[in-house]
Amino acid sequence: MFRAVARIMRTPDLRRKIGFTLGIIALFRLGSFIPAPFVDYQNVQLCLAGNQGTSGLYELVNLFSGGALLQLSVFALGIMPYITSSIIVQLLRVVIPHFDTLYKEGQSGQAKLTQYTRYLTIALGILQSTTLITVARSGALFSGSGAAECSQLITNDAWYAVMLMVITMTAGTGLIMWMGELITERGIGNGMSLLIFTSIAARFPTALWSIAQARSFEIFLMVIAVGLVIMAAVVFVEQSQRRVPVQYAKRMVGRRTYGGNNTYIPIKVNMAGVVPVIFASSLLYLPALVAQFNQPADGTAPPAWVSWVQANLTSGDNPLYMLVYFALIVGFTYFYVAITFNPEEVADNMKKYGGFIPGIRAGRPTAEYLDYVLTRVTLPGSLYLGIVALIPLIALATVGANQNFPFGGASILIIVGVGLETVKQIDSQLQQRHYEGLLR
């Protein structure tokens with residue numbers, strides 16, 4: 001391992017790429033602590049110190065921004081607008097035929113889709129920054145703290161001050177998007193994924209330290225041990241795949257012979273990644289948001305349905321909340337896999353190039369077989385996603401750890417997935433130069 005790191009340092013090109021990536025990451029983390037204009041930094045820090053954690057969609061955005069959301073910094077929105085816009089553009093391929101045509105055109109078409117994603121990211125940045133500033137002005141951003149300072153986070157409520165804050169946070173989102181693309185182009189790994197990885201990893205020490213302070217040292221060691229087991233299990237499942245064998249018939253083109261080789265179609269157990277967890281968290285937050293807006297302003301008792309929602313669908317340690325959350329993740333996993341993997345398209349491409357699955361006829365029978373395999377492989381993948389996403393909620397109900405529990409949910413999936421992908425890229429580049437990779 002140490003010799004592999006030494007080989008990295010002795011390779012000028014790879015050393016330059018890793019150094020550039022680390023420099024961009026350092027700038028990204030620096031921007032997470034620079035407050036936006038007209039934000040009372042001292043009041044924000046007081047509210048952060050007395051807050052027991054947000055819930056729902058705010059917690060998800062705060063996770064992906066590395067804690068910058070609750071600090072109302074220039075990078076408060078983090079990478080979340082870009083993630084949302086990427087998912088929307090991907091889903092629109094099913095609804096809008098023009099988007100699907102662009103996707104099939106190759107590099108030029110996908111460049112146009114990337115441009116649409118950028119435009120949508122800026123639009124979502126404007127919308128989300130406006131919502132964030134409105135929530136901060138109302139004092140509802142820090143739900144776990146009742147301090148008076150939490151309603152005085154903004155020093156100037158004039159329209160020009162709000163507009164300047166919206167422009168600043170939206171520009172911060174655009175800058176993060178540009179930094180991620182720079183890492184992809186000139187650094188190592190996928191830039192957007194690495195920025196998300198950095199945001200989540202930056203919160204690990206704080207989360208572990210809070211558990212060590214709130215609980216005993218034995219609980220802290222138990223959390224570390226459970227975290228290592230969970231991480232090993234996630235690595236095992238993320239690397240698991242069902243390999244469907246494919247053979248290509250030989251064909252003569254002029255004097256050349258093409259085909260005749262054997263390969264396979266890798267169908268991963270977790271093809272959906274972390275997207276179903278994001279969908280389920282966002283959708284489950286909507287009832288709590290609607291109930292919050294239907295609270296009587298005069299202090300009288302709320303309607304019965306509002307009380308029921310607040311009792312059952314807002315607390316992570318509620319059994320009904322866990323059941324609904326698990327069911328939504330399983331459903332969204334099947335939904336997202338059905339959109340991203342089209343068995344009929346794969347079968348048509350195989351038939352076009354003379355490929356076939358042994359024992360299965362080309363064309364429609366191949367598509368039906370791939371759909372059969374995909375449906376059964378997705379079942380353990382969806383159950384796995386649901387169990388991993390419930391880990392922070394179970395920790396909240398058992399050991400009293402808050403929902404920032406680091407070894408579970410979207411955080412551990414992203415940490416492991418991005419870490420594995422980045423190590424593979426470094427390994428492949430080392431093999432190109434030294435015939436020996438990072439891993440053995």
Side-chain angles (χ1 to χ4, degrees), residues 28 31-39 44 47-48 51 53-92 114-143 150 153-154 157 159-181 192-193 195-196 198-200 203 274-275 277-290 292-293 410-411 414:
F28 171 66
S32 301
F33 296 98
I34 300 175
F38 304 106
V39 171
V44 169
C47 293
L48 281 173
N51 186 50
T54 54
S55 60
L57 191 59
Y58 291 141
E59 176 55 36
L60 188 67
V61 180
N62 193 48
L63 174 69
F64 286 163
S65 66
L69 173 78
L70 295 184
Q71 299 197 41
L72 297 175
S73 70
V74 293
F75 287 169
L77 302 181
I79 205 71
M80 196 64 180
Y82 183 84
I83 298 174
T84 308
S85 59
S86 300
I87 294 173
I88 291 174
V89 170
Q90 195 170 14
L91 294 179
L92 286 178
T114 302
Q115 197 67 19
Y116 293 154
T117 304
R118 292 170 183 163
Y119 294 147
L120 186 57
T121 299
I122 299 301
L124 288 177
I126 295 174
L127 177 63
Q128 292 183 12
S129 59
T130 306
T131 305
L132 174 61
I133 294 169
T134 303
V135 173
R137 290 172 62 188
S138 67
L141 184 61
F142 294 94
S143 58
C150 296
L153 302 177
I154 310 298
D157 287 343
W159 65 270
Y160 62 87
V162 174
M163 182 175 293
L164 180 60
M165 293 180 67
V166 170
I167 293 174
T168 302
M169 291 183 179
T170 306
T173 298
L175 181 59
I176 291 173
M177 181 171 58
W178 177 67
M179 291 164 68
E181 292 178 355
M192 300 299 177
S193 300
L195 292 182
I196 300 173
T198 305
S199 300
I200 296 174
R203 301 192 61 191
V274 75
V275 174
V277 180
I278 298 175
F279 280 176
S281 301
S282 304
L283 187 62
L284 198 55
Y285 179 64
L286 292 179
L289 184 64
V290 173
Q292 182 179 354
F293 283 118
S411 59
I414 294 174

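- The line from CG of Leu92 to OG1 of Thr117 is 9.5 Å long, rounded to the nearest 0.5 Å.
- Looking at residues two or more places apart in sequence or on another chain, you find no ring-ring contact (aromatic ring centres under 6.0 Å, His included) involving Phe38.
- Between the CD1 atom in Ile176 and the CG atom in Leu77 there is a gap of 8.0 Å [rounded to 0.5 Å].
- For Phe28 against Phe75, the heavy-atom pair with the smallest separation is O-CD1, 3.4 Å.
- Rounded to the nearest 0.5 angstrom, Leu124 CG and Thr173 OG1 are separated by 9.5 Å.
- Every side chain to side chain contact (heavy atoms under 4.5 Å, CB included) that Val166 has, sequence neighbours left out, goes to Ile126, Ser129, Thr130, Ile133, Val162, Thr170.
- Summarising the geometry of Val74 relative to Pro35, their closest heavy-atom pair is CG1-O, 4.0 Å, with the distance given to 0.1 Å.
- Closest non-hydrogen pair, Met169 versus Ala36, comes out as CE-CB, 4.0 Å.
- Residues passing the ring-ring contact (aromatic ring centres under 6.0 Å, His included) test with Tyr116, sequence neighbours excluded: Phe99.
- Between Met165 and Val39, some side-chain heavy-atom pair lies under the 4.5 Å cut-off.
- Residue Ile79 holds its CD1 atom at 10.5 Å from OG1 of Thr198, rounded to the nearest 0.5 Å.
- Residues passing the side chain to side chain contact (heavy atoms under 4.5 Å, CB included) test with Ala280 are Tyr325, Leu328, Ile329, Phe332, sequence neighbours excluded.
- Sorted by first then second residue, the salt bridge (charged side-chain N to carboxylate O under 4.0 Å, His left out) pairs that include residues 118-129, not counting sequence neighbours, are Arg118-Glu181.
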Quiz: residues 82-91 side-chain donor-acceptor pairs under 3.5 angstrom, not counting sequence neighbours:
unit_1	atom_1	unit_2	atom_2	d
Thr84	OG1	Met80	O	2.9
Ser85	OG	Pro81	O	3.1
Ser85	OG	Tyr82	O	2.9
Ser85	OG	Thr121	OG1	2.7
Ser86	OG	Tyr82	O	2.8
Gln90	OE1	Tyr336	OH	2.6

